[in-house]
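Below is one structure, written out as C-alpha cells, with a few remarks after it.
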Amino acid sequence: MPKKEITKDVVRMGGEPNSSLKLAEQLDNYKFGFKTDTVPKFKMAKGLNEDIVREISAQKNEPAWMLDKRLEALKIYRSKPMPNFGGDMSEIDLENIHYYVKPSDKERRDWSEVPEEIKNTFDRLGIPEAERKYLAGVGAQFESEMVYHNLHKTLADHGVIFEGTDAALQKYPELFEEYFGTIVPTRDNKFAALNTAVWSGGSFIYIPKDIEIDLPLQAYFRINAEFMGQFERTLIIADEGSNVHYVEGCTAPTYSSSSLHSAVVEIICKKGARVQYSTIQNWSNNVYNLVTKRARCEEDATMFWLDCNLGSKLTMKYPSVYLMGRGAKAEILSVAYAGKGQHQDAGAKVIHAAPDTTSTINAKSLSKDGGRSTYRGLVQVLPGAIGAKSRVVCDALLLDDISRSDTYPTMDIRESDSAIAHEATVTKISEEQLFYLMSRGFSEQEASALIVNGFIDPIIKVLPMEYALEMNRLMEMEMENSVG
Amino acid sequence: MNNNMSQAKQILIWKNEADLADISVNSDETLDVLGVFTEGFVDKQKLSVRLNGHDAKLKISLIFVGNAEEEFDLQTVVEHLDKSSVSDIKVRAVLLGKSSLNFAGKVIIPGTAQRSETDLRFQTLLLSPYAQARTIPSLEIIANDVKAGHSASVGRLDEELLFYLQTRGFDKSSASELLIEGFLKEALCDLDDDQQIEQWNIISHKLASHTHE
C-alpha cells in the first residue's frame with residue numbers, strides 16, 4: 001500500500017510570531033501565573049479513599065474492569081513506599097489535594113462552544129485560533145478533563161484517532177483494553193499506581209498502518225484550581241510504518257500552596273513506526289511534577305523524546321524507551337532549567353533488549369539562583385542485544401556559585417558485543433567567550449544570554465518553529481539580570 | 001624557583017583488596033595512587049577520598065583484571081573541600097570469563113572548592129560474552145568556577161585496530177594481546193622501569209592464565 005501523505009494546507013508561520021505577546025508581559029516573572037475564576041461542574045472533596053475512586057469511575061460511566069483496575073491500583077499505591085531518590089517530597093501533602101475537578105459538562109469539538117472562562121484562559125496562554133491552524137489536531141485539558149478535542153478532518157477520514165482518553169474508553173473499548181497499562185504496569189512505581197487509581201483526561205492516539213502525519217498533534221494541560229492534582233493518562237499507538245509528532249505544553253497559576261501533576265504516558269511504536277513526543281513543561285513553581293513516560297519500540301521503530309523542563313518546584317521524570325525489536329532506535333534530547341527554589345531531577349532510560357538497537361541521549365541543564373538540576377539516567381544492554389550502540393552526553397552549565405548540578409548516569413552492560421559511551425561536563429560561562437562578545441559591543445547580560453542560547457541550540461533546532469520561538473523567549477526571560 | 005621542587009611526590013601502590021584505604025590529601029600535596037587488582041574482591045568495598053587543602057593534587061589509576069566468576073564491587077567518593085584542588089581518576093578494566101565489575105564513582109565539589117578540576121574516566125573491555133559491567137560515574141557540583149567532566153565506555157576491542165594489526169602479520173590472538181597491553185600499560189607509565197616491569201608481570205600472568213584455560 002502506498003504511503004498516504006497528508007499535505008500541509010496552511011503556510012508555515014512567518015513574519016512576527018505571536019505578536020499578541022507584548023514584551024512587558026514577557027518580562028513578568030511567570031506570565032502564565034494568572035488564574036481565572038471558573039466554577040467547576042463538579043469538585044471532589046480533598047483526600048483520597050475508595051469512595052473517591054468509585055465516584056470518579058461513576059462520573060465517567062466506566063466499564064467494571066476499569067473500576068476494578070482503579071481499586072487495585074489504589075491498594076498498590078498505599079502499599080508502595082515513596083521513592084528513595086530524587087528530590088525533596090516532604091512538603092507535599094497527598095491528603096490535601098482535590099483528586100478530581102470536572103470543569104465543564106462535556107468535551108467540545110468546536111472552540112466556540114467551550115465555556116467562556118476556560119476559552120479565555122487558553123487565549124491568554126497564547127494558543128489563539130491562528131496558532132491552532134498549524135496543527136493537525138489539538139486537545140486542551142483544564143483541571144481533570146479534556147474540554148476540547150479536534151482533529152483535522154482529512155486525518156479522521158484516514159482512520160486516525162485523536163481523542164480525550166476518557167472518550168476513547170467509551171468509543172474504542174477493545175483497542176483501549178488491549179493496550180492500557182501494558183507499557184507502564186500499575187505496580188511500576190508509587191506514582192504510576194496513583195495515576196492508575198485516579199487518572200482522568202489525557203490524549204488517546206491511534207495512527208493506522210503506513211499513515212504519516214507531517215504536522216504535529218498538540219495537547220495543552222492547564223491546572224487552574226488551588227490544591228489540585230492533575231492525573232492525565234496518555235496512550236499513543238503507532239501502527240506499522242506510521243509517523244506522528246505529539247506536542248504537549250503545561251502551565252498553572254502561581255499559588256502559595258502546592259499542586260501535584262502526576263501523569264502516565266504509554267507509547268507503542270510498532271514495526272517501522274516513528275513517534276516524536278515533545279514536551280514544553282512550564283508549570284508554575286509550586287507544582288510537583290512526578291511523571292512516568294515510557295515507550296516500547298518494535299523492529300526498526302524509532303522513538304524520539306524531546307523534553308524541555310523549565311517550570312515546576314520539583315520534577316522527577318525519566319522518559320524511557322524499551323528497544324524490543326531488531327534495529328529499533330531511541331533518541332532522547334532534553335533541556336532542564338532550574339531557577340530559584342526549583343529542582344529538576346530529569347533524565348532518560350534506555351533498555352536494549354534486541355540486537356542492532358541504537359540509542360542517543362543528549363541532556364543539557366542550566367542552574368541559576370540556587371536551583372538544582374540533576375541528570376539521572378540508565379543505559380542497560382541485556383544479554384543477546386548483539387551490536388547494541390549507545391551514546392550519552394550530558395552538559396551542565398552553572399550560572400552562579402549557589403546553584404547545583406548533579407549527574408548520575410548508570411551503565412549496566414551485560415553483552416560484550418556492544419559499544420557504549422558516556423560523557424559529561426559541568427562548566428560555567430567562560431570568561432573568554434564573554435570577553436570576546438563584550439569586545440564586539442554586547443553587554444554582559446546580552447553576551448551571557450547569547451552563550452546560553454548557543455548552549456541549548458541543538459535542542460531548540462528540533463522543535464517545531466512556534467515552540468522554538470517560545471522556548472527562546474522563555475530562556476531570554478529566565479536569563480534577565482543574570483551574570484555568568 | 002619552582003615551588004613544586006620542595007614537595008615530595010608520593011606514589012602509593014595497591015595490590016589487592018586489603019590495601020584499599022581511605023585517602024586524604026592536604027594543601028599543596030601531590031599524591032599518585034596506582035591500584036592493580038588481579039583477584040576478585042571478597043566483599044563490597046568503599047573508598048573515601050578527601051582533598052582537604054587548597055592546591056591538593058591527586059591522581060588515581062585503577063586496573064582491574066577479572067576472570068572466571070570474580071567480582072569487583074567498589075564505591076568511591078571523592079570530595080574536594082578547598083579551592084584549586086585537582087583530581088584525576090582513571091579506571092581501566094579487562095573482564096574475562098564470567099567476571100563482573102560494579103563501580104560507583106562519585107565526585108563532590110561544594111561551593112568552597114572554587115577553581116577545582118576533576119576528571120573521572122571509566123574504560124571497560126568486555127572480552128567474553130558472559131562478562132558484565134555496571135558503572136555509575138556521578139558528579140555533584142555546586143562551585144561554578146570548576147572544570148568537571150567524566151566519561152565512561154564499555155565495549156569490545158576495536159575491530160578496525162585488530163584488522164590493522166592482522167594486515168601487518170599478527171595473528172588474531174597476538175593482535176588482541178598487543179591491544180590489551182597498550183590499553184593497560186598506559187596506566188603504568190608514571191612508575192619507574194623496575195616497578196613497571198613488576199606490575200606488568202603480575203597483569204600479564206593473570207591474562208595468560210586465561211588463555212591457557
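Note that the structure is a prediction, hence the values are computed from the model and not measured. Naming: A, B, ... by sequence-line order, numbering from 1 per chain.
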- Any chance CD of B:Glu39 has more than 12 other-residue heavy atoms, nucleotides or ligands included, within less than 6.0 Å? no

- B:Ile142 side, atom CD1; A:Leu398 side, atom CG - distance, nearest 0.5 Å: 9.0 Å

- Segment of A:Ser403 engaging chain B (4.5 angstrom heavy-atom cut-off): backbone

- Answer yes or no: does atom CD of B:Glu71 have more than 12 heavy-atom neighbours from other residues, nucleotides or ligands under 6.0 Å? no

- Message: Tell me whether the count of non-hydrogen atoms from other residues, nucleotides or ligands lying under 6.0 Å of CD in B:Glu69 goes above 12.
- Response: no

- Query: What option among B:Ser100, B:Pro137, B:Gly111 has the most heavy-atom pairs under 4.5 Å with chain A?
  - Reply: B:Pro137

- Task: May I ask you to name which of B:Val146, B:Asn102, B:Leu126, B:Leu139 has the most heavy-atom pairs under 4.5 Å with chain A?
- Result: B:Leu139

- Do you know which of A:Ala424, A:Cys394, A:Ser430 has the most heavy-atom pairs with chain B at a distance under 4.5 angstrom? A:Ala424

- Whether over 12 other heavy atoms sit under 6.0 Å from B:Phe183 CZ: yes

- Taking atom NZ of B:Lys90 as the centre, report whether more than 12 heavy atoms of other residues, nucleotides or ligands fall under 6.0 Å from it. yes

- Query: Roughly how far apart are B:Lys106 NZ and A:Asp406 CG, rounded to 0.5 Å?
  - Reply: 8.5 Å

- Taking all heavy atoms of A:Ser416 and all of B:Ser128, pick out the closest pair and write down the distance. CB-O, 3.2 Å

- Heavy-atom distance under 4.5 Å to chain A: side chain of B:Ala152, backbone, both or neither? both

- Query: Can you tell me how far OG1 of A:Thr410 sits from CD1 of B:Ile136, rounded to the nearest 0.5 angstrom?
  - Reply: 3.5 Å

- In Å and rounded to the nearest 0.5 Å, what is the CD1 to OG1 distance from B:Ile141 to A:Thr407? 7.0 Å

- Item | Point-to-point distance, once rounded to the nearest 0.5 Å, from OG of B:Ser153 to CE of A:Met411 | 7.0 Å

- Above 12 or not: heavy atoms from other molecules or residues under 6.0 Å from NZ of A:Lys190? yes

- Roughly how far, to the nearest 0.5 Å, is the OG1 atom of A:Thr374 from the CD atom of B:Glu140? 8.0 Å

- Query: Does any heavy atom of chain A fall under 4.5 Å from the side chain of B:Gln114, the backbone, both, or neither of them?
  - Reply: side chain

- With chain A, which of B:Pro129, B:Pro110, B:Ala133, B:Gly149 has the greatest number of heavy-atom pairs at distances under 4.5 Å? B:Ala133

- CD (B:Glu186) with more than 12 external heavy atoms under 6.0 Å: no

